[in-house]
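Numbered from 1 within each chain, the chains take letters A, B, ... in sequence-line order.
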Number of protein chains: 2
Amino acid sequence: MDEDLTIGQVSERTGLGVHALRYYEREGLLMGPVPRSAGGRRAYGRLDVEWLVLCNRFRSCGMPVADIRRYASLVSAGPGNEAERLELLREHEVRVRAEIEQLSENLAVIESKARLYSDHLEAGTASDLWTGQAPSCLAVEALAARGR
Amino acid sequence: MDEDLTIGQVSERTGLGVHALRYYEREGLLMGPVPRSAGGRRAYGRLDVEWLVLCNRFRSCGMPVADIRRYASLVSAGPGNEAERLELLREHEVRVRAEIEQLSENLAVIESKARLYSDHLEAGTASDLWTGQAPSCLAVEALAARGR
DNA sequence: CTAGGAGCTAGAGTGCGATCTAGGTCAAGC
DNA sequence: GCTTGACCTAGATCGCACTCTAGCTCCTAG
């Protein structure tokens with residue numbers, strides 16, 4: 001059941017690249033060194049793959065490597081520090097929420113610019129954008145169009 | 001009306017840091033060099049500040065410097081390339097939307113882990129998490145708790 | 001007149017997270 | 001037995017976006 005996967009197999013099923021996998025281990029993200037085969041090669045288990053997938057998730061929502069290391073060390077220290085783990089998760093949760101909010105706000109600005117462009121392009125009146133008083137979110141473009 | 005702001009003043013009102021401002025100019029993000037005062041110092045106008053705020057927005061939702069440079073060069077090339085500008089905006093829009101989606105998905109996983117921890121901590125039953133069959137999203141922790 | 005703070009340029013350095021290189025070892029198929 | 005491709009370690013390098021340094025100039029206030 002503990003499958004003994006090679007680094008290449010783990011790379012495939014986590015999407016993480018063999019270099020990254022070795023890097024994560026070096027950096028202490030993997031609660032202890034991965035067990036080795038007779039020939040000195042990494043023999044990952046199901047547990048490792050699952051954990052790596054989680055690491056990937058953490059990373060891809062911006063959790064720094066250092067925080068993952070901290071979480072890993074709490075987990076591998078065993079039961080008793082659940083409060084600390086929770087705090088780490090909560091802090092990250094807050095950051096991710098804030099990030100999503102920021103992104104949404106910026107997306108709205110981009111959308112409104114894009115809509116203006118596309119409306120005028122569709123109507124074939126794009127060049128009129130720079131003649132009258134331009135809509136505020138294209139002010140920069142309008143001013144530039146009239147020469148710096 | 002074109003205020004002639006110093007780099008320090010622009011830094012304050014854009015939140016961008018004088019080093020970053022000079023960097024952006026060097027990198028061609030500012031449609032042409034900023035005009036200088038008699039003594040060779042940058043004299044920014046209202047237009048520049050507005051554009052820099054937009055750049056900041058673009059950057060903070062992950063648009064690469066190279067894309068901003070491209071957009072800037074389209075704008076400063078003048079009217080006629082609106083379709084290309086729109087395409088750039090649209091592409092970035094897609095990336096941002098995807099990013100938000102990913103973030104939301106990962107947030108959900110983190111939330112569910114956090115909820116499990118907090119429920120058990122509140123009930124004072126945290127250590128029970130590692131005894132029975134653990135909920136799937138804590139599988140890694142549970143296995144680790146039983147020794148690698 | 002002068003001191004101090006802000007600005008200038010060119011170029012070096014930083015931080016993060018990988019990613020790659022060199023110089024080997026290991027193992028499965030022919 | 002040999003080839004081939006995946007794997008090993010240690011350490012160098014990269015990419016991006018800044019950020020800082022050195023050595024200078026400029027300008028404003030006292």
Side-chain angles (χ1 to χ4, degrees), chain A residues 3-30 32-45 48-49 52-72 92 95 99 102 106, chain B residues 3-30 32-45 48-49 52-72 92 95 99 102 106:
Chain A
E3 301 172 86
D4 270 20
L5 300 159
T6 68
I7 198 172
Q9 291 169 318
V10 172
S11 170
E12 262 173 30
R13 51 198 87 179
T14 60
L16 266 171
V18 296
H19 296 300
L21 290 172
R22 291 192 275 248
Y23 168 70
Y24 281 9
E25 184 181 353
R26 265 204 311 281
E27 292 299 307
L29 267 55
L30 289 198
V34 178
R36 306 305 165 111
S37 75
R41 330 196 129 183
R42 288 167 181 81
Y44 294 88
D48 300 294
V49 173
L52 283 163
V53 166
L54 185 61
C55 285
N56 207 357
R57 218 174 255 290
F58 281 158
R59 279 294 304 122
S60 74
C61 59
M63 185 183 286
V65 162
D67 287 6
I68 303 180
R69 172 166 40 231
R70 176 108 189 86
Y71 191 85
H92 188 56
R95 284 195 300 266
E99 173 76 8
Q102 243 240 66
N106 291 335
Chain B
E3 300 171 87
D4 270 21
L5 300 158
T6 68
I7 198 172
Q9 291 169 318
V10 172
S11 169
E12 264 173 27
R13 51 198 87 179
T14 60
L16 267 170
V18 296
H19 295 300
L21 290 172
R22 291 193 274 247
Y23 168 71
Y24 281 11
E25 185 181 352
R26 265 203 312 279
E27 292 299 307
L29 268 54
L30 289 197
V34 178
R36 306 305 165 111
S37 76
R41 330 198 126 184
R42 287 168 182 82
Y44 293 88
D48 300 295
V49 173
L52 283 163
V53 166
L54 184 62
C55 285
N56 208 357
R57 215 175 257 289
F58 281 158
R59 279 295 304 122
S60 74
C61 58
M63 185 182 286
V65 163
D67 287 6
I68 302 180
R69 172 167 39 230
R70 176 108 189 88
Y71 191 84
H92 188 56
R95 284 196 299 267
E99 173 75 10
Q102 243 240 66
N106 290 334

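- Nearest heavy-atom pair across B:T14 and B:V53 is CG2-CG2, 4.2 Å.
- The distance from atom CG of B:N106 to atom CZ of A:F58, rounded to the nearest 0.5 Å, is 9.5 Å.
- The residues B:R69 and B:E25 are annotated as not salt-bridged, no charged nitrogen and carboxylate oxygen being separated by less than 4.0 angstrom.
- Closest of all the heavy-atom pairs between B:G62 and B:H92 is C-CE1, 3.8 Å.
- For the pair B:N56 (side chain) and B:G15 (backbone), a donor-acceptor distance under 3.5 Å is absent.
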Grab the N/O contacts between the protein and nucleotides 13-20 of chain D below 3.5 Å, and write none if there aren't any.
| residue | atom | partner | partner atom | Å |
| --- | --- | --- | --- | --- |
| D:dA17 | OP1 | B:V65 | N | 3.4 |
| D:dC18 | OP2 | B:Y24 | OH | 2.8 |
| D:dC18 | OP2 | B:R59 | NE | 2.8 |

Enumerate all atom pairs, one protein N or O and one N or O from nucleotides 1-7 of chain D, separated by less than 3.5 Å.
| residue | atom | partner | partner atom | Å |
| --- | --- | --- | --- | --- |
| D:dA6 | N3 | A:R41 | NH2 | 3.3 |
| D:dC7 | OP1 | A:T6 | OG1 | 2.9 |
| D:dC7 | OP1 | A:G8 | N | 2.9 |

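- Of the two residues near DNA chain C, B:E25 and A:G39, the one whose nearest nucleotide lies more 5' is B:E25.
- Of all the heavy atoms in A:L30 and A:Y44, the pair that sits closest is CD1-CE2, 4.2 Å.
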Inset, instruction - Verify salt bridge (Lys or Arg N to Asp or Glu O under 4.0 Å) between A:E27 and A:R70, making sure each step is shown before the conclusion. - result: CA-CA 11 Å; A:E27 292 299 307; A:R70 176 108 189 86; over 6 Å; no
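- In summary, contact between chain B and DNA chain C, defined as any nucleotide atom under 4.0 Å from a heavy atom of the protein, begins and ends at C:dA6 to C:dT9 in the 5' to 3' direction.
- A:R42 has no carboxylate O lying under 4.0 Å from a charged side-chain N of A:D4, or vice versa, which leaves the two without a salt bridge.
- A donor-acceptor pair is defined here as one N or O able to donate and one able to accept, closer than 3.5 Å; no such pair exists between the side chain of B:R22 and the backbone of B:A20.
- At distances below 3.5 Å, at least one donor-acceptor pair connects side-chain atoms of B:R59 with backbone N or O atoms of B:M63.
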